[in-house]
Each structure stands twice: as C-alpha cells, then as structure tokens.
Amino acid sequence: MAGWNNDTAAGPLGAGTVTLVEGTSFCISLPNGDIREGSAHGVFLQDTRMVSGWHLTIDGQSLEPLASETQEPYRALFVGRVIRVDEYADSPLIVERLREVDAGVTERITVWNYSLKPAVCEVSLSIACDFADLFEVKEARTPRRWDEIRQPDNESLVIRGAWRDARKAVIFKAPGAKIESEGLSFRVEIAPHTCWNTTVRIAPLLDEATSSSSSRNLADTREVSPSDRRRQEWVAKIPVLQIGNRSIERILRRSYDDLGALRIEDPHHQNRVVVAAGAPWFMTLFGRDSLWASLMALPVDPSLALGTLQTLADRQGSQVDAVSEEEPGKILHEVRLDISSGLSLGGKSTYYGSIDATPLFVMLLGAVSRWGFAADTITNLLPHADRALEWVRRHGDRDGDGFVEYERLNDQGLINQGWKDSWDGINFADGTLAEPPIALCEVQAYVYTAYLARAWMAYDAGETNLGDDLSARADDLKKRFNEKFWIPERGYYAIALDGNKRQVDACASNMGHCLWLGLVDEDKAPTVVERLMSAEMFSGWGIRTLASDMGAYNPASYHNGSVWPHDNAIIVAGLVRYGFISEAQRVATALLEAADYCDGRLPELFCGFERDRFKEPIPYPTACSPQAWAATAPILLITSLMQYDTHVSRGGLWMDPVLPESYGDLHISNAPMSDSRLTIDIVNGLPSIQGLPSGMTFHRGHRPWLTELVEQAKRSTSA
C-alpha cells in the first residue's frame, strides 16, 4: 500500500467541478450546482461527507449549466436553464443558485420566467446523505453503511445516521417547502418576466448537538453571513496591495482570499488559527504544509505561523508508537477530525510519518522570533524546539552518520516521507526506485537551518555555549553534505542517499531548497543553477520536479516531472540569495503567467509539458485547489524579489528590490511588523518605508542571512 498520499485520490472530479471552502467545511459540485451521487462530490465538514446527493429539477428536468462563478472561496453563483422537452431550442426558465459554505450550506434558488405567459412549475430538491469518511471518498472505497432515519415535519427534513456508537445528522430547511422523506419541493406560479426565489439551509450536526449555524435567518438576505464576517475581519488585518501589473495584483489578492478561507481554528484553543493544507482532501492541520504555508505568509499575517507552532507543539510526539510513527519530539504529519478516520491512519487520528516537519518546526520558530513576537511567547516554545532537535539526533539520524533519513515503521505508513511522498517519488536517474532508509537532500538543508535558527536564538538570549555547539553542528553538516551529495561529473546534487549510502542520482528540483537555505557551497551554485534552468528542468511555466532526461520522467505524474508552485517559489528565493537575479525573475514571471491562465489561482501542481507545446499550462487532474502552499507561493515570489526581511531584535528591516520592470510600481499599506503597521512603496525600483516601530531602522541593501547572524554573534562573543 502506498500510504495516504494525494496521488491515491479518487480520480478527476470532472470538468467544470466547483469547489468551495471555508475552514474545515467544503463543497464539491457539478457546474450546474448539483452534487452527484456515486462521485467524489459532496458537502464535507470535519472530514465527513454530510451530503452526498443534492439534485435540483424543474418539472422533473435537470438543469443545463450556463455559467458558474466563484465570487469568494466560499461562495459561488451557478446559472442554468431548464432543458425543454418540446421542439423549441430555447428555454424561458433560467435558474440561479447562489451557494455559500460556512459550518453548513446556505443556497438561494431563483427561477426566472422569460416567457410571455405565466409558468406553473414544480421545483424539487432530492437529497442523499451517506456520512462517508473523507478517506472512503478520496480513495473511492465503498462507504460503510450507516443506519439512516429520515424525519420530515412541517418545517424541516432531518436525516440521521448511526454507525456503532457514532451519531450524525443533517437538517434541511426551506420556508414554504413541501417536506417529504426524499427531499423538498415547491409548487409555484411565476408571472411573465418575473422571478420566484427561496432559501434552503443545510445544517450538519456532527454530534447531534444543536448546530449554531442552523439558527441563521433564512428570510433576511441582507444579513451578513458568518463567512462574510470572518472574511471582513481577515481583510482588515492583512496588507492592502496595489501593483502596476494588474494581473499580478489579481493573483496576489486571490492568494490572500484563499489563505483566509483555508484558516482553521484549533478546537482546543479558539484564539489560535492555523492553515489547513488544501481542498478538497486536506482541510485539516498538516505539519509540513501548514509550516511551509505560514512561513511564506509571514509578511501577510505572522500570527498564522505562531498559531501553527503552538498547535503543533501541543501535539508533539512523546512516545514511540510504530503504528502512528510517533516518536519523542517528533512533529506530526497529519491530523484527522472524524472519529472513523483512524481506520485510514493506522488506527489513530494523528499520524507522524513525516521526515521534514520536525526540522521545519524549529526553522519556522527561528523566523517567528525575528518577526517581533513577545519574548515570553518565544521562550515558551523553546523547549519544544530543543525536543525537536533531540529527535533529529536520536531518531532522525537512525544510523549515526550525521544525516537525517526515513524508513516507515509499519507496512501501512507512507513509503516516502518527504514532500515528494508518492510511492515512486524518489528514484535514480535510470528510474529505479530508491530503497530506504533514505536521506533527502532538502531535509539536510532544513536540519542545517534548524541548527542555525536555534543557535541564533541561543546567542540572542546570551547562551553562548549552546549557540557555539549548534553552529558547529551546522558547519559540520554543510561540509559533509557537500562531500556526500555532490555529483561532480553531473554538476548537481543527488536527490538523496539510499539505504546503502549510494547517491540517488536523479536530477530533481529538491536541490533548489538547499539554495534558499544556504547549504550549497558558493563554487557549486553556478552549475546547480545552470541545471535548474536547463531545458530539461525549466518547462517555460516553471521548474519541473524531475528533469525530462531522467528515466522516471512523466510530465503528467504527481512528483516525477510536474511543476509545483511552492517548490518553484522556494527555488526563486534560493536564486535571489545566491545572486542569480535574472533567473529568479524568469521563473517568477513564468509562474505568475501560469496563474493568469488558472483564473488567478495557482493549483497545488500542474503538468510539466513544454510551454511551446501547448498554449496553456495543463492541469493535473487531482490537484488540490485552493491549496495552502500554492496560495502562499505568489507571496514568497514577490517578497523574495523585494528582498524583504526583518530582524526585530536587531532593530532592522531590510529591502533591496529586484522586481522586473514589467511588474510596475508597488504600494503596500497595513503591512504587519511587530506591533506596528507599515506602508511600503517601490517606485522605479526605489523603496521607501513609513510606520516603522520605534527603535527600528530601514536598511536598503543586502539582508543578513542566518549564517551571517550566527557568525556575527560568534565573533562578538569571542571578542
């Protein structure tokens, strides 16, 4: 079994499928608004499909889709017409379905009569609920059969489900409807050139408790919905951006909207907000995905990073459990919310099979510490960082060779446990699969940065001995990495070392992560960049996960030749760090142009076909969209080209823009910085800052990387 990977999803959702998302709720439907039974469609809440069928008919006829428009990540308007059964082509009945997702679904149905005669018709909604676990839907398994009870009354239809000790229910309400066990219906007469409308509310009850969402006033369409209110609060706290290139501005605003919709609350701490990994299948906390997304979103909302760190710290591993792959100090891979998800997670609701989440946790804490949070907030997280580094040394480095490697602890876990976690994602140049234990190149970069981040925090707190020890570990890791992973005759780094310590010699994008984090020796960087920008790696839309001259290359695969936006954004940051500005601009521009073809929203990934082969980037059929680190990729692209960073404890903000001229001037207001809000202007490439916190200074020029901060700290303490 490959494990619980996205590439085991239940196939494409279908052309024109519309996905709406808000927190842990999402809805997948056809372009006419229907939810088709027997497919992966549905209304989902906390990893349970609450509604599996939702079919609107007029006089028994289905709707022909005309248009669907996603107005916000959680709201869409579907427009269709009633299919005629006579010889006339055009139908006078046009139907609009305005659907909004929050803790349930509210749908306003409007039927327009464009005839010269009154229209008497029956509007019907048939309803199905299977209460399927998300994994059953995702993996196209036959759902467990719940005992179903349907209870229609004068006001609502309640569908209850029971399985073992679990109880769930859904309430369907519609004023004036005829309520039957099969669904809701209305007998209406619509005058010529007028309309009729109604509002239907779907209120899921996960534990049979009273649903707060069910009390919403269906009659008052002027009421501000919970989703709108939540969005308004989000918009008020994030930066307002204007950029000369309107296409890029649209992409960034779409990123902000998607990031806002993907926020979920820690159920045990309502004031903590974290980022869900993505819709439709990963609307929950993920270690790696949530850490990366909140790191890339630091300039937009640093509180997401803090909430993610605190929530992951509360669930940090404390024991050795081979089933869940938990180990002391380890950061989780995935949390599932539904009671039956344990059937797919090795019997547990939390799964720890990730090799990179633990060093990424320390790396993010280092970044958060430089963004100006209260000292005691950071201090409270330091023991968790130290436990994470202890895991790196004791459990992550299984054989004591100084590199962190993985091998699953049971035959149901993930075979590959880095970000390329598909079963065939790590392979040699000839296409042969690598055998574990596997030490990934980018994971060593994360560990290197984790050592430096913790060293910097130690020096900053006056703990010189700890800082010296950690910086020495980082120096030693960099030296040995460049000896063991470098393939001089190929001019690039191996993607990994296998269980026999052989170089896994495929040319892959992973080494681009090592650029951003400074693990690459200066003399090797030019050939690494040359290879990344080669025709085999750069498709014209972005850098592929695997070079086209490798044995396992497939442009329509999940990890062996596709293009991932977050991967490319990280590589762009690395190109900028090593001074390859024109290459960074080229990749960033290509990716933003790809987003323009995707209605301004970058998907999780797209296919790696050459740009001159097709007019548009080719979608990957089961890609998540919206997806957290894809949503934050444009943010990292722009901030990397702004060369924007801060170290509040050092009292400095750095910026040295290298934005392409085609992007135009940039104006950002309400940008968070410590307890202040900044206004940033870049006009003709020249930056200016207003609103800096007291004691902070703006520096135009090279920003100090962690490596430099640590070296400066060592020199000052030795002096």
Side-chain angles (χ1 to χ4, degrees), residues 20 27 29-30 32-35 43 50-64 75-83 91-115 117-129 148-160 169-205 210-228:
L20 302 178
C27 176
S29 66
L30 292 167
N32 71 350
D34 281 350
I35 293 169
V43 174
M50 304 302 292
V51 179
S52 55
W54 184 245
H55 185 205
L56 176 64
T57 59
I58 309 293
D59 292 331
Q61 298 297 311
S62 298
L63 301 183
E64 178 186 12
R75 181 187 291 122
L77 176 65
F78 304 88
V79 182
R81 65 178 181 176
V82 180
I83 300 172
S91 168
L93 296 180
I94 305 298
V95 181
E96 296 178 4
R97 307 171 72 173
L98 182 62
R99 177 176 299 162
E100 180 180 321
V101 174
D102 46 47
V105 174
T106 302
E107 180 168 314
R108 186 165 182 81
I109 301 168
T110 303
V111 183
W112 291 88
N113 177 19
Y114 288 102
S115 169
K117 300 178 181 179
V120 178
C121 54
E122 182 169 299
V123 181
S124 301
L125 277 163
S126 61
I127 299 163
C129 301
E148 181 184 286
I149 300 174
R150 294 191 173 222
Q151 298 174 312
D153 59 30
N154 292 332
E155 296 183 353
S156 64
L157 170 63
V158 181
I159 301 178
R160 303 183 187 277
V170 187
I171 300 175
F172 301 87
K173 288 187 176 182
K178 180 182 179 182
I179 312 291
E180 299 177 305
S181 60
E182 295 79 17
L184 318 174
S185 63
F186 306 83
R187 189 72 178 174
V188 300
E189 179 174 340
I190 311 172
H193 289 275
T194 63
C195 68
W196 166 89
N197 59 59
T198 189
T199 300
V200 182
R201 177 67 182 165
I202 304 173
L205 307 177
T210 301
S211 171
S212 61
S213 63
S214 65
S215 62
R216 184 170 163 194
N217 185 358
L218 301 183
D220 187 0
T221 59
R222 298 168 299 175
E223 180 185 357
V224 177
S225 72
S227 297
D228 280 334

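Here the structure is a predicted model, which means the values were calculated and not measured. The first residue in the sequence is number 1, and the count goes up from there.
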Sequence neighbours left out, what passes side-chain hydrogen bond (donor to acceptor under 3.5 Å, both in side chains) with E182? Give chain and number order.
none
Examine distances only and state if a side-chain atom of N32 and a backbone atom of G80 form a donor-acceptor pair shorter than 3.5 Å.
no
Can you tell me how far the OG1 atom of T194 sits from the CG atom of N113, to the nearest 0.5 Å?
6.0 Å
Using the rule given for side-chain contact (heavy atoms from CB on, under 4.5 Å), can you reason through L157 versus I171, listing the C-alpha separation, both sets of side-chain angles and the distance that settles it, and then say yes or no?
CA-CA 6 Å; L157 170 63; I171 300 175; over 6 Å; no
Minimum heavy-atom separation for S227 to D102, with atom names?
OG-CB, 3.2 Å
d(S29 OG, F78 CZ) to nearest 0.5 Å is 3.5 Å
Which heavy atom of P175 sits nearest a heavy atom of T199, and at what distance?
CD-O, 3.3 Å
CG of L77 to CD of E100, rounded to nearest 0.5 Å, is 12.5 Å
Using a 4.5 Å cut-off on heavy atoms from C-beta on, say whether the side chain of V111 contacts that of V188.
no
SG on C195 to CD1 on I190, rounded to 0.5 Å
8.0 Å
Once the angle between the rings of Y114 and H193 is folded into 0 to 90°, is it parallel (under 30°), tilted (30 to 60°) or perpendicular (over 60°)?
perpendicular
Below 4.5 Å, heavy atoms only, C-beta onward: do F186 and I109 meet side chain to side chain?
no
Yes or no on side-chain contact (heavy atoms from CB on, under 4.5 Å) for L63 and D34, after CA distance, side-chain angles and deciding distance?
CA-CA 9 Å; L63 301 183; D34 281 350; 5.7 Å; no
Would you say that L98 contacts E96 through its side chain, given a criterion of any heavy-atom pair below 4.5 Å between the two side chains?
no
If we only count heavy atoms from C-beta on, is the W196 to V123 side-chain gap below 4.5 Å?
yes
Given L56, V79, T110, the one that forms side chain to side chain contact (heavy atoms under 4.5 Å, CB included) with R97
L56
Test of understanding: with side-chain hydrogen bond (donor to acceptor under 3.5 Å, both in side chains), list the residues that count as partners of E155, not counting sequence neighbours.
none
Only counting residues at least two apart or in another chain, list the ones meeting side-chain hydrogen bond (donor to acceptor under 3.5 Å, both in side chains) with S124.
E122
For side-chain contact (heavy atoms from CB on, under 4.5 Å), just list the numbers for I35 and C27, CA-CA rounded to whole Å, side-chain angles, deciding distance to a tenth of an Å, and then say yes or no.
CA-CA 9 Å; I35 293 169; C27 176; 4.1 Å; yes
Minimal heavy-atom distance between V120 and E189, with the atoms involved, is CG2-CG, 3.8 Å
Would F172 and V51 satisfy side-chain contact (heavy atoms from CB on, under 4.5 Å), going step by step from the backbone distance to the final call?
CA-CA 10 Å; F172 301 87; V51 179; 4.0 Å; yes
I159 side, atom CD1; Q151 side, atom CD - distance, nearest 0.5 Å
10.5 Å
Taking every non-hydrogen atom, the tightest pair across P192 and S115:
CB-O, 3.2 Å
Value rounded to 0.5 Å, distance of OG1 in T106 from CD1 in I202:
8.5 Å
Any sub-3.5 Å donor-acceptor pair from S156's side-chain atoms to V158's backbone N or O?
no
Counting C-beta onward and ignoring hydrogens, is there a side-chain heavy-atom pair between Q61 and S91 closer than 4.5 Å?
no
Would you say the side chain of W54 lies within less than 4.5 Å of the side chain of V43, judging by non-hydrogen atoms?
no
Looking only at heavy atoms, the pair that brings G104 and R201 closest together is N-NH2, 3.8 Å
If you count every heavy atom of other residues, nucleotides or ligands that lies below 6.0 Å from N154 atom CG, does the total exceed 12?
no
Is it the case that the side chain of S181 and the backbone of P152 share a donor-acceptor pair, with hydrogens and angles ignored and the cut-off at 3.5 Å?
no
Grab the two heavy atoms, one from A128 and one from R150, that are nearest each other, plus how far apart they are.
CA-NH2, 3.7 Å
